[in-house]
Amino acid sequence: MPVLDRGLLADDAVSGARLLVGAMLVRGTGPNARVGRIVEVEAYVGREDLACHARFGQTKRNGVMFGRPGVAYVYLVYGMHNCLNVVAETDGKAAAVLIRAVEPVAGVGEMRRARTDLAAQRARNRGPAAVVAAVARIAALPAWRLASGPGLVCDAYKISRDDDGVDLCDSSSQLRLETSANAEQLELVSGARIGIDYAPEPWRSIPWRVFAAGHRSLSRGGAA
DNA sequence: GCAAAGATTTGCT
DNA sequence: GCAAATCTTTGCC
């Protein structure tokens, strides 16, 4: 499938968010390519949005968010998990769409391997038994739960700060967005964003989270 | 310079 | 259901 049209992300981030649900997140090419359908996202819109990383202006971390749309903004949260965003709106405006959940479509083995590697690495401090338990836990997961959370998407696709600034609308990028033939089959619903209790109203409750109604691959807490 | 908190996930009580 | 893990960025002295 062709890469997503950058122009679809250039206007406002909430519209961009609605267009991203149903689109495909792809890493690599050929038989080992990882492909998944995006089923849950959140829009973060500019300096005025007091839940957005841009609320303190441009910094070293969020720099790409101020640049051209269609570029990846990847940051580390809680010291351990990466989160992938798609930059939206035009140059100079700081907006992005957080990819919260993906339904794996192809490359499931690669995703599970990546999840297993990272889970084993994290459990290493707690001893060999913990590593075995962590590996077994990932092995028991159904494919549709392999990327059902913002940190898990990055784990499954091995996305890290190294991917910050990658152009997701370039067909030559290893990590990119592609269109989907039947995206319109999803029933879109919106709700308040998750994990932003630090933000004051109205930002805390504004329904800028967009997701596929009733989808089994939604993030934890993402069903409502 | 230092203290605090975070767009999360996991494991244990 | 709650707290730990873990480290970068931000905010204040």
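Convention: sequence-line order gives letters A, B, ...; per-chain numbering from 1. Computed over heavy atoms, backbone and side chain alike; hydrogens, waters and symmetry mates excluded.
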Short side-chain N/O contact to B/dT10 OP1/OP2 from A/Arg115, under 4.0 Å:
yes
Note, DNA chain C 5' to 3' with Watson-Crick or G-U pairs under 3.5 Å encoded as ( ), [ ], | and . gives |||||.||||||.
Scanning both residues in full, the closest heavy-atom pair of A/Ala119 with A/Ala134 reads O-CB, 4.0 Å
Hey, is CG on A/Asp5 packed in by over 12 heavy atoms from elsewhere, all under 6.0 Å?
yes
B/dG11 phosphate, OP1 or OP2: any side-chain N/O from A/Arg137 under 4.0 angstrom?
yes
Look at the side chain of A/Tyr78 and the base of B/dA5, then say whether one donor and one acceptor between them are separated by less than 3.5 Å.
no
Hey, is the side chain of A/Arg220 poking within less than 4.0 Å of OP1 or OP2 on B/dT10, counting only N and O atoms?
no
How long is the line joining CG of A/Asp197 and P of B/dA7, in whole Å?
11 Å
For this output row, return yes or no: ring centroids of A/Tyr44 and A/His53 closer than 6.0 angstrom.
no
Among B/dA7, C/dT9, C/dG11, the nucleotide that comes nearest once only the side chain of A/Tyr44 is considered:
B/dA7
Residue pair A/Asp49 / A/Arg193, side-chain heavy-atom distance below 4.5 Å:
yes
Send over the distance from A/Ile138 CD1 to B/dT10 P, rounded to a whole Å.
6 Å
